[in-house]
Structure formats: structure tokens, C-alpha cells
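No hydrogens, no waters, no symmetry mates; every other heavy atom, side chains included, goes into these values.
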Amino acid sequence: MPRTSARRLIDTVIDAGSWLSWDSAVEDPPLNPGYAAELARVRSKTGLDEAVLTGEATVRGRRIAMLLCDFGFLGGSIGVAAADRLAAAIRRATGDDLPILALPTSGGTRMQEGATAFLQMVRITAAVVDHKAAHLPYLVYLRDPTTGGVFASWGSLGHVTFAEPGALVGFLGPRVYQALHGDRFPDGVQTSENLLACGLVDAIVAPGDLAGMVDRTLGIIAAAEAPDRSPAPASACPVDVPAWHSVTATRRADRPGVRDLLRYSDAEVLALNGTGEGENDPALLLALTRFGGRPCVLLGQDRAGQTVERPLGPGALRQARRGMRLAAELNLPLVSVIDTAGAALSRQAEEGGLAGEIARCIADMVALPVPTVSILLGQGTGGAALALVPADRVLAAQHGWLSPLPPEGAAAILHHDVGKAPEMAAQQGIRSSDLFGAGVVDHVIPEFPDAAAEPENFCLRVGAAVRHELATLSAADDTRRRSERVRRFERIGQAGPVLARVS
């Protein structure tokens with residue numbers, strides 16, 4: 001299938017007639033005669049003056065900056081002049097508060113310019129880092145082929161990364177591999193579909209569908225709509241039900257989970273995929289979403305994705321940490337949903353750094369500069385649950401609970417008898433009502449009599465509570481809010497009344 005040129009792709013993606021080029025005349029570095037002649041030939045053949053085009057346009061009415069390579073110009077390779085153009089465009093987009101859509105296709109560094117060209121990847125990356133530090137979206141669309149230094153720099157830094165179907169995407173190009181090693185690179189590895197399976201790209205998108213995906217992504221993360229003036233959900237007086245009753249209620253197979261919450265709450269959702277570092281754990285849902293017009297990053301422990309054979313592992317927590325970084329970089333609130341029977345107990349989990357990932361999740365949650373809301377939706381077992389708890393606001397379903405181990409595990413430790421689990425659940429203060437009394441939980445969301453019996457109404461109540469908390473936190477003083485997040489946990493277990501939490 002013929003590769004799509006940069007100009008043709010621009011016409012495919014943007015609103016007709018909206019393209020405004022940002023490119024000024026190219027200033028070539030010192031050239032040897034052979035390279036100069038080669039540039040002259042390719043310029044005559046393609047009608048382009050360099051391998052990259054930059055500019056702005058509207059996509060479905062949204063103004064964005066665009067960076068494109070054209071593979072027909074020396075394989076889309078990046079030399080000094082191309083880097084000049086890219087870095088200038090990125091910094092202009094940052095100055096104009098524009099999101100960027102980067103659409104690379106490249107063999108990487110321009111070999112004719114050697115180390116000088118190679119080092120330009122640092123310069124381009126620095127411009128992307130500054131753009132993201134300004135809390136501006138950076139979207140990437142990997143095209144066929146994208147390899148070498150381009151993939152290893154500005155092609156791998158997207159907040160959200162799409163890829164063209166069937167694209168060759170990899171670090172070391174197959175021709176180079178064969179030349180160096182005398183053998184073919186294994187088939188099926190350097191493909192956009194394999195990268196999706198490995199959690200390195202978020203979606204495979206055909207060129208004709210890219211405008212819709214860009215519009216959807218930017219629409220979800222756009223600034224909040226009109227202030228939410230709806231009244232706060234009625235505060236539930238925590239119902240005094242036995243702890244073991246709540247434990248068994250949350251273990252029901254038909255209890256609604258995070259995906260039901262999003263569906264019934266009518267939230268706008270763009271699911272993301274994996275850690276971006278080669279892992280994809282179905283135990284955690286990572287998404288950009290909106291609750292009642294308010295954008296946020298959502299981390300949801302997915303009960304449907306956790307099985308006895310594949311419980312929640314360290315990769316799920318690395319996905320969660322990707323979401324935390326995304327929230328900080330885009331300056332979006334973070335919503336975490338806790339619903340796990342516990343993390344994996346296995347050699348793979350230990351060697352994969354499970355304990356360290358729990359610690360780093362807690363540290364990241366405590367330090368996040370953006371507003372945060374945690375929801376104890378169901379089971380809250382062990383460190384995997386604790387990893388997503390520390391937030392400005394903590395909500396709990398009536399039957400939600402939080403415990404260092406499943407009650408059977410605690411009973412085995414203290415009584416050598418798992419039959420004592422109901423007794424241990426009662427003693428350990430794991431219920432939503434106990435957590436509310438200790439000042440850990442701010443609001444208990446009722447179940448009538450249990451979420452499995454009324455999944456839609458229950459999820460609507462949870463969604464309403466999240467919308468209210470996001471609206472309240474958006475108006476809070478940032479410094480006080482972040483200080484209070486830590487103080488909440490300092491007060492737990494201390495004598496004296498629970499102090500009022502910041503609004």
C-alpha cells in the first residue's frame with residue numbers, strides 16, 4: 001500500500017481550507033557537494049524544501065498545531081534544518097497555548113549529517129518537555145514507518161499515542177538489523193498492532209478516522225464547562241451493617257464495577273492502553289473522561305479484569321502511575337476507583353517490583369499537584385488498594401471496605417483459622433462506616449440494599465458524588481488542599497475529634 005504524503009494527510013485530517021504553514025525558508029548547514037546534489041534532486045522531485053512540514057489548522061473546529069514528516073524526502077530523516085523547523089514550531093505552539101498533533105514517519109537521524117543531526121533529537125525533545133510543562137496536550141500519530149531516533153525521542157512522548165494500521169514502528173530498522181546481524185528481524189514485532197498489545201500505543205487509527213479521534217481526545221480534556229451548581233448529594237448516615245455482610249456483598253459477581261460506573265454515569269470516555277513502557281494489565285482501566293462536563297484522568301481497578309489466574313500485578317500499578325503523570329502534565333483532576341481482591345502473590349509479581357510500585361503509587365498520590373478523588377467502590381484488599389487511596393476527597397460505597405489483608409488472611413495469622421474471618425472483619429474497622437468515623441472517608445454512598453440489586457441507580461449516585469467533589473475541589477485553595485490531603489492521614493488513630501476537612 002502506498003505511503004500517504006504529508007500534504008495528503010493534512011488534507012485528510014484538517015477542516016478544508018484551514019491550513020496555515022509556519023515554515024520559513026530553510027537554512028542548510030554546511031554541505032558537501034554530494035549531499036548538496038542529493039538535496040537538490042529530492043527537492044525537485046517532491047516539491048518540498050525539507051522532510052518536515054509544520055503549521056496550524058482546525059480539526060473539527062479545534063485549533064491545533066501540527067508537525068509532519070514526509071517519508072518521500074530522504075526517508076523523513078531529521079537533520080539540522082528539519083530540527084530547526086520542528087523546535088521552532090513546538091515552541092510557537094507552546095507560546096500560543098495550542099495542543100500539538102505530531103505525525104512522524106521517518107527512518108530517524110539523517111546519516112548524511114551524522115552526529116550533528118543525531119544530537120538534534122535532544123533539542124526537539126527539550127521543546128516537547130517545555131510544551132508539556134505548560135500543561136498543553138501533545139498527541140502523536142505514528143505512521144508507516146517510524147524508526148530510529150525519531151521514534152526514540154519526540155515520537156514516544158505523547159500524552160496519547162495513536163498508530164496507523166499495519167505500520168512498521170520500532171527502534172532499529174529491519175534493514176539495519178539485517179546488515180548488522182546477518183539475519184532478518186523477527187516478523188510481527190515492529191508493528192503497530194504488536195505495540196498495541198504490549199501497551200505502547202493507545203489505539204490503532206486509520207488516517208480517515210484520525211480527525212474524529214483527535215476531536216474526541218481534545219474534547220474530553222478541554223476546560224470544564226459551566227460551573228456545576230447542582231446541590232451536594234445527600235450525605236448518607238453510614239448504615240450499621242455487619243462488616244462480613246459488606247465483604248460478601250462486594251464479592252458478588254454481579255456487583256457493578258468501574259466500567260458500569262462509567263456507562264451508567266453517561267461519562268465521556270477515551271480508554272488508554274498500558275503503561276507506555278511495554279506492559280498492559282487488564283486489572284486496571286486508565287482513561288480520560290468527563291463527569292458532568294468536568295474533565296479528569298480516571299484510574300479504575302477493574303473487577304472484570306482481575307482473575308484468580310491473573311490478579312492485579314505490578315504492571316497495573318505502573319499503568320496507574322502513568323495516569324498520575326498524565327493528570328499532572330495536563331493539569332487535570334485525578335479520580336481513582338478502588339475495587340480489588342488484592343495484588344498478585346507470585347514470583348513474577350515480586351520480581352516485577354510489586355512492593356516498590358505500591359510505595360511509588362502512594363508517594364505519587366500524596367504529592368500530586370492536581371485535585372484528587374478516590375472512590376472505595378467495592379473490595380479494598382491490601383497494598384494494591386491502599387496505593388490509590390490518598391486523595392483530597394475519599395468516597396465510599398456503603399459496602400466498600402479497606403483492609404490490610406482479606407479477613408480470611410487476618411484470621412489465619414491471628415487465629416490459624418480462616419473460619420474466624422467474620423470476627424476479624426468486625427474487629428478491624430474495615431467498613432465504610434468505620435472509615436467515615438475515623439475521618440478517612442468523607443461521604444458514604446448508600447446502597448439499597450446493595451449495589452448489585454440496583455446497579456444503574458447506584459452508579460448514578462456515585463457519578464453525582466464525583467461531579468460534586470470535582471466542582472468543590474476546583475474552587476479550593478491549592479496550597480491548603482494539598483496540605484490537608486496529608487493531614488487527613490496524620491490524624492488517623494490519634495485521640496480527639498476528627499477535624500473538618502477543607503472545602
Side-chain angles (χ1 to χ4, degrees), residues 238-257 283-284 301-314 316-317 337-359 361-362 374-390 394 396-441 444 446-447 449-453 489 492-495:
V239 178
D240 189 18
V241 298
W244 188 246
H245 178 82
S246 288
V247 171
T248 56
T250 59
R251 290 174 173 174
R252 287 182 55 166
D254 57 350
R255 184 176 176 86
L284 187 119
Q301 291 173 341
D302 186 2
R303 61 185 5 251
Q306 301 174 61
T307 65
V308 173
E309 295 76 21
R310 190 172 180 181
L312 187 150
L317 298 176
V337 178
I338 299 152
D339 192 3
T340 182
L345 301 175
S346 66
R347 174 178 177 174
Q348 292 84 355
E350 295 292 335
E351 293 177 348
L354 177 64
E357 288 305 321
I358 292 170
C361 274
I362 295 171
S374 291
I375 311 162
L376 188 55
L377 195 67
Q379 299 184 79
T381 303
L386 185 65
L388 302 188
V389 167
V394 181
Q398 178 182 316
H399 292 308
W401 54 277
L402 184 68
S403 175
L405 284 174
E408 294 89 342
I413 289 174
L414 292 183
H415 301 292
H416 306 284
D417 180 3
V418 296
K420 296 279 189 180
E423 179 182 329
M424 288 303 306
Q427 291 176 0
Q428 287 195 305
I430 68 175
R431 300 175 302 173
S432 62
S433 55
D434 299 321
L435 299 170
F436 181 85
V440 178
V441 164
V444 176
E447 303 183 37
D450 128 0
F489 296 94
I492 296 170
Q494 304 300 312

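- A distance-only check finds no donor-acceptor pair linking the side chain of Arg303 to the backbone of Asp339 [under 3.5 Å].
- Put simply, CZ on Arg431 and CD on Gln398 are 10.5 Å apart, with the number rounded to the nearest 0.5 Å.
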**Request:** Could you go through the side chain to side chain contact (heavy atoms under 4.5 Å, CB included) check for Val241 and Ser246 one step at a time?
**Result:** CA-CA 7 Å; Val241 298; Ser246 288; 3.7 Å; yes

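- A distance of 9.0 Å separates OG1 in Thr340 from CG in Leu388, rounded to the nearest 0.5 Å.
- Salt-bridge annotation for Arg252 and Glu447: absent, with no side-chain N of the basic residue lying under 4.0 Å from a carboxylate O of the acidic one.
- Taking the salt bridge (charged side-chain N to carboxylate O under 4.0 Å, His left out) definition, one finds that Glu351 meets it with Arg347, sequence neighbours left out.
- Closest non-hydrogen pair, Leu312 versus Gln306, comes out as CB-OE1, 4.0 Å.
- Leu402 has its side chain out of reach of Val394: every pair of non-hydrogen atoms, C-beta onward, lies at least 4.5 Å apart.
- Here the closest heavy-atom approach between residue Phe489 and residue Pro390 is recorded as CZ-CA, 3.6 Å.
- Contact check for Leu435 versus Val444: no side-chain heavy atoms found under the 4.5 Å cut-off.
- Here the OG1 atom belonging to Thr250 is positioned 9.0 Å from the NE2 atom belonging to His399, to the nearest 0.5 angstrom.
- Panel note: side chain Ser403, backbone Pro406; no donor-acceptor pair is recorded below 3.5 Å.
- Formation of a donor-acceptor pair under 3.5 Å by the Gln301 side chain with backbone atoms of Ala384 is found in this model.
- The nearest pair of heavy atoms linking Ala397 to Ser432 is O-CB, 3.5 Å.
- The minimum heavy-atom distance linking Ala387 with Leu317 is given by the pair CB-CD2, 4.2 Å.
- Ala410 and Gln428 make their closest contact through CB-OE1, 3.7 Å (heavy atoms, listed as atom of the first residue, atom of the second, distance).
- Put simply, CD1 on Ile430 and CE on Met424 are 9.5 Å apart, with the number rounded to the nearest 0.5 Å.
- Closest non-hydrogen pair, Trp401 versus Leu376, comes out as O-CD1, 3.4 Å.
- Between the CG atom in Leu386 and the CD1 atom in Ile358 there is a gap of 8.0 Å [rounded to 0.5 Å].
- Residue Gln379 holds its CD atom at 12.5 Å from CD1 of Ile338, rounded to the nearest 0.5 Å.
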